[in-house]
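The sequence lines fix the lettering, A, B, ..., with proteins before strands; numbering per chain opens at 1.
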Amino acid sequence: MSNVPNSSAAPVVRTRFAPSPTGEMHIGGFRTVFYSWLLARKYNGQFILRIEDTDQVRSKERVIDNLIEGFNWLSLNFDEGPAISGQYGPYYQSDRLGIYAHYAAQVLEKGHVYPCFCSEERLDTLRQEQQKRGLATTGYDRKCRNLPEKEAAQRMADGEPFVLRLKVPLNGFTVLQDALRGEMKFNNALLEDSVMIKSDGYPTYHFASIIDDHLMKISHILRGDDWLPSFPLHGLLYTYLGWEMPVIAHVPNVLGDDGKKLSKRHGAEPVLLYKGRGYLPEAILNFLALLGWAYDEQSEIFTVDELIDKFSLERVHTSPAKFDTTRLLWMNGIYIRKLSIEELVKNVLPFLEAPEADGGLPDSVARPLDRAYLRSFIHLDQERMKTFADAAFLTAFFFVDDLEYLPELLIDKKIDAAGALCALHMAYNALTGLATWDHDSIEQALRNVAAEMGVKAGPVFMGVRVAVTGRKETPPLMETMLVLGRERCLRRINIAIQRLETIQVSAETAQ
RNA sequence: GGCGCAUUCGUCUAGUGGUUAGGACGCUGCCCUUUCAAGGCAGAGAUCACGGGUUCGAGCCCCGUAUGCGCUGCCA
């Protein structure tokens with residue numbers, strides 16, 4: 001970086017998402033990432049993807065496809081990262097080993113870090129003993145901290161395995177700024193000589209992330225507040241390296257229903273799972289944004305652009321929030337209702353065409369579906385859907401040939417079996433004789449039936465509704481019948497009449 | 001055990017020393033209405049975790065306590 005003329009201008013905002021490839025990205029951690037993205041976009045900065053694959057044992061293959069797919073679904077883009085390139089790469093930490101080695105040598109020379117030759121077995125038994133004795137302070141006993149320089153150098157040269165530990169101050173305080181909480185004071189006496197470089201030569205998170213954040217010119221770091229305990233370690237590292245610390249905000253974790261941190265092990269679900277469940281990305285984002293952040297007293301529905309405009313770190317909470325699925329459902333419904341018919345059809349189609357076992361329409365319905373037909377009625381279900389996964393159940397009777405339902409449903413509470421049967425008969429005749437099959441004609445015909453029978457229209461409507469759809473809850477009757485067409489309606493009413501008759505017969509014989 | 005963070009209706013939250021503690025989800029009732037939704041209206045629901053201070057006055061400031069969560073690895 002050369003001396004740019006506008007060096008006095010506000011520094012570029014660069015934020016990052018730095019996952020370890022040990023599993024899928026889940027919804028809990030994602031909220032924090034979203035805030036990072038918002039920040040970068042708000043200030044026209046950059047959002048960087050960096051893969052922290054420094055755990056050779058646990059890191060899976062270099063699969064970031066799934067991760068990228070999740071971000072794509074939500075329309076969140078990276079400016080730099082693996083497979084995207086960028087001038088601050090490489091973006092896999094395992095490709096940056098040389099860089100870490102360089103800085104490790106530097107801090108080793110300065111004496112901020114020391115080699116430790118203790119075996120994992122020794123550390124294990126040490127920990128066990130400390131626990132057994134109920135010691136106030138646990139952790140590494142600093143056995144190797146004061147090894148004579150010569151001896152340490154000799155053992156390293158001899159090829160004895162070692163790790164590099166941070167030589168933390170034994171007293172005093174480390175004072176740091178958290179963007180959300182302000183000044184934080186940590187007692188150095190309580191700190192540990194944490195491992196910076198493992199015996200396999202790989203850095204730990206503490207070491208690698210700080211070097212990369214600096215080299216990649218990250219300006220704001222947002223991370224879970226489970227990192228708070230190691231915050232002083234990082235502060236120390238920055239001073240040892242002689243670097244300025246970026247703005248760091250420890251954002252509270254998202255909690256599950258039980259109040260425990262959402263994690264891979266604990267109820268956290270991959271973001272993409274919500275796609276499969278029929279949620280809209282806009283709804284997820286809007287909902288997540290409000291989990292730990294609020295703009296004002298009453299605003300709740302924000303487009304992504306509005307969030308970019310209005311988001312600010314100052315209004316991010318320090319207290320954790322529970323992930324309330326019910327509220328998400330409500331918000332998803334709001335976004336579904338905003339969709340155009342074309343968008344609705346597009347979204348709903350894959351859910352309807354899915355196999356029955358996966359929640360799609362009955363397998364008896366031929367695929368692919370008739371798009372034009374779907375388009376003709378899907379608006380009737382738009383305000384009844386909380387997720388697209390509801391569509392199959394809601395629309396089944398528009399597609400299926402044979403309705404399955406309990407004949408008892410045909411008898412409304414406000415009418416008896418005989419009345420219900422009579423109404424269906426009369427409705428059948430009236431509808432057959434209709435000059436035109438339109439909304440008002442159908443309604444008038446059915447109202448006439450009720451009038452002739454001397455009953456209210458409700459029970460008549462309900463009988464026809466069940467006959468024609470097999471359900472008691474449906475979109476408005478006339479609109480539904482219009483979609484189904486006269487022929488199908490009459491056939492279904494006819495079948496309903498037969499079913500009612502068999503009930504009556506069996507009821508009579510039972511007497 | 002040690003250390004840290006947090007604490008306003010069941011849930012998400014507004015609130016930055018003086019408010020009848022506001023909104024939303026959910027819940028209940030009513031309206032609309034051919035059912036269900038959606039929408040509208042109304043209601044129940046918070047002694048602001050508890051106890052001390054500071055102050056004329058505290059949800060807001062300070063100190064304790066309790067509870068919850070997190071960290072306490074050659075994982076991140």
Margin query: Let's go through A:Asp158 and A:Arg155 carefully: what are the C-alpha distance in whole Å and the side-chain angles of both, what is the deciding distance for salt bridge (charged side-chain N to carboxylate O under 4.0 Å, His left out) to 0.1 Å, and is it a yes or a no?
Written below: CA-CA 5 Å; A:Asp158 290 346; A:Arg155 288 170 74 174; over 6 Å; no

Checklist line | Stepwise ring pair (Phe, Tyr, Trp, His ring centres under 6.0 Å) test for A:Phe34 and A:Phe287 | finding: CA-CA 11 Å; A:Phe34 183 41; A:Phe287 173 78; over 10 Å; no

Under 3.5 Å, which N/O atoms of the protein pair with N/O atoms of nucleotides 74-76 of chain B?
from  : atom 1 : to       : atom 2 : distance (Å)
B:C74 : O2     : A:Ser199 : N      : 2.8
B:C74 : O2     : A:Ser199 : OG     : 2.7
B:C74 : N3     : A:Ser199 : OG     : 3.0
B:C74 : N4     : A:Cys118 : O      : 3.4
B:C75 : OP2    : A:Lys198 : NZ     : 2.8
B:C75 : O4'    : A:Arg58  : NH2    : 3.3
B:C75 : O2'    : A:Asp55  : OD2    : 2.9
B:A76 : OP1    : A:Thr54  : OG1    : 2.9
B:A76 : OP1    : A:Lys198 : NZ     : 2.7
B:A76 : OP2    : A:Tyr205 : N      : 3.2
B:A76 : O3'    : A:Glu52  : OE1    : 2.9
B:A76 : O2'    : A:Ser20  : OG     : 3.4

Give every pair of a protein N or O atom and an N or O atom of nucleotides 4-9 of chain B that lie under 3.5 Å apart, one pair per line with the distance.
from : atom 1 : to       : atom 2 : distance (Å)
B:C5 : O3'    : A:Arg181 : NH1    : 3.3
B:C5 : O2'    : A:Arg181 : NH1    : 3.1

Can you check nucleotides 62-65 of chain B for protein contacts, nitrogen or oxygen pairs under 3.5 Å, and list what you find?
none

Please list, pair by pair, any protein nitrogen or oxygen found under 3.5 Å from a nitrogen or oxygen in nucleotides 20-25 of chain B.
from  : atom 1 : to       : atom 2 : distance (Å)
B:G22 : N2     : A:Glu297 : O      : 3.3
B:A24 : O4'    : A:Glu300 : OE2    : 2.9
B:A24 : O2'    : A:Glu300 : OE1    : 3.3
B:A24 : O2'    : A:Glu300 : OE2    : 2.8
B:A24 : O2'    : A:Arg327 : NH1    : 3.3
B:A24 : N3     : A:Arg327 : NH1    : 3.1
B:C25 : O4'    : A:Arg327 : NH1    : 3.4

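At the phosphate of B:G39, OP1 or OP2 sits under 4.0 Å from a side-chain N or O atom of A:Arg337. Considering only side-chain N and O atoms, A:Arg471 lies nowhere under 4.0 angstrom from the phosphate OP1 or OP2 of B:U34. Taking 4.0 angstrom as the limit, A:Lys261 places none of its side-chain polar atoms (N or O) nearer than this to OP1 or OP2 of B:C69.
Residue-level contact check: A:Ala457 touches neither bases nor backbone, having no heavy atom under 4.0 Å from any strand. Note on A:Lys472: a base of the nucleic acid sits closer than 4.0 angstrom, heavy atoms only. Using a 4.0 Å heavy-atom distance criterion, A:Lys386 is classed as a sugar-phosphate-only contact. Among the protein residues, A:Gly292 comes within range of the sugar-phosphate backbone only, with heavy atoms under 4.0 Å from sugar or phosphate atoms but none that close to a base. Residue contacts shown for A:Pro459 are absent, as no nucleic acid heavy atom lies under 4.0 Å away. Nucleic acid contact class of A:Leu477 (heavy atoms, under 4.0 Å, all strands): base. Looking at heavy-atom distances under 4.0 Å, A:Arg122 makes no contact with the nucleic acid at all.
Not a single salt bridge (Lys or Arg N to Asp or Glu O under 4.0 Å) links A:Asp309 to another residue, sequence neighbours left out. Residues passing the side-chain contact (heavy atoms from CB on, under 4.5 Å) test with A:Pro459 are A:Asp412, A:Lys414, A:Ile415, A:Lys456, sequence neighbours excluded. In this structure, A:His220 has no side-chain hydrogen bond (donor to acceptor under 3.5 Å, both in side chains) partners at least two apart in sequence or on a different chain.
Screening residues 458-470 of chain A for salt bridge (Lys or Arg N to Asp or Glu O under 4.0 Å) gives no qualifying pairs among residues at least two apart or on separate chains. Annotation: salt bridge (Lys or Arg N to Asp or Glu O under 4.0 Å) contacts involving residues 320-337 of chain A, sequence neighbours excluded, comprise A:Glu300-A:Arg327. Annotation: salt bridge (Lys or Arg N to Asp or Glu O under 4.0 Å) contacts involving residues 245-262 of chain A, sequence neighbours excluded, comprise A:Asp226-A:Lys261.
Both cation-pi conditions hold for A:Arg471 and A:Phe393: the charged atom is under 6.0 angstrom from the six-membered ring centre and inside a 45 degree cone around its axis.
Taking 4.5 Å as the limit, every side-chain heavy atom of A:Val247 sits out of range of all side-chain heavy atoms of A:Gln177. Proximity of A:Phe311 to A:Val316: side-chain heavy atoms (C-beta onward) are separated by under 4.5 Å at one or more points.
Taking atom P on both nucleotides, B:C60 is separated from B:U19 by 13 Å, rounded to a whole Å. Here the separation of B:G40 from B:A49, taken at their P atoms, is 32 Å to the nearest Å.
The closest side-chain donor-acceptor pair between A:Tyr140 and A:Glu192, if any, does not fall under 3.5 angstrom. Inspection of the A:Thr387 and A:Asn332 side chains reveals no N or O donor paired with an N or O acceptor under 3.5 Å.
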Considering only distance and modelled atom types, tabulate donor-acceptor pairs under 3.5 Å from the side chains of residues 96-103 of chain A, sequence neighbours left out.
from     : atom 1 : to       : atom 2 : distance (Å)
A:Arg96  : NE     : A:Asp212 : OD1    : 2.7
A:Arg96  : NH1    : A:Tyr88  : O      : 3.4
A:Arg96  : NH1    : A:Pro90  : O      : 2.9
A:Arg96  : NH2    : A:Asp212 : OD1    : 3.1
A:Tyr100 : OH     : A:Asp212 : OD1    : 3.3
A:Tyr100 : OH     : A:Asp212 : OD2    : 2.6

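When both pairing distances are held under 3.5 Å, B:A21 makes no Watson-Crick or G-U pair with any nucleotide shown. Pairing partner, B:A14: none, since no Watson-Crick or wobble contact has both distances short of 3.5 Å. In this structure, B:A6 forms a base pair with B:U67, meeting either the Watson-Crick or the G-U wobble geometry with both donor-acceptor distances under 3.5 Å.
Between A:Phe287 and A:Glu473, the residue anchored closer to the 5' end of RNA chain B is A:Phe287, taking for each the nucleotide with the nearest heavy atom.
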Next item on the list: Let me have a per-nucleotide readout for nucleotides 40-50 of chain B, 5' to 3', with B, S or -, counting only protein heavy atoms under 4.0 Å.
Entry: -----------

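With a 6.0 Å radius and a threshold of 12 heavy atoms from other residues, nucleotides or ligands, A:Tyr295 has its OH atom at or below the threshold.
Side-chain atoms of A:Gln93 do not come within 3.5 Å of backbone N or O of A:Tyr202 as any donor-acceptor pair. For A:Asp381 (side chain) and A:Ala391 (main-chain N/O), no donor-acceptor pair under 3.5 Å exists by modelled atom type.
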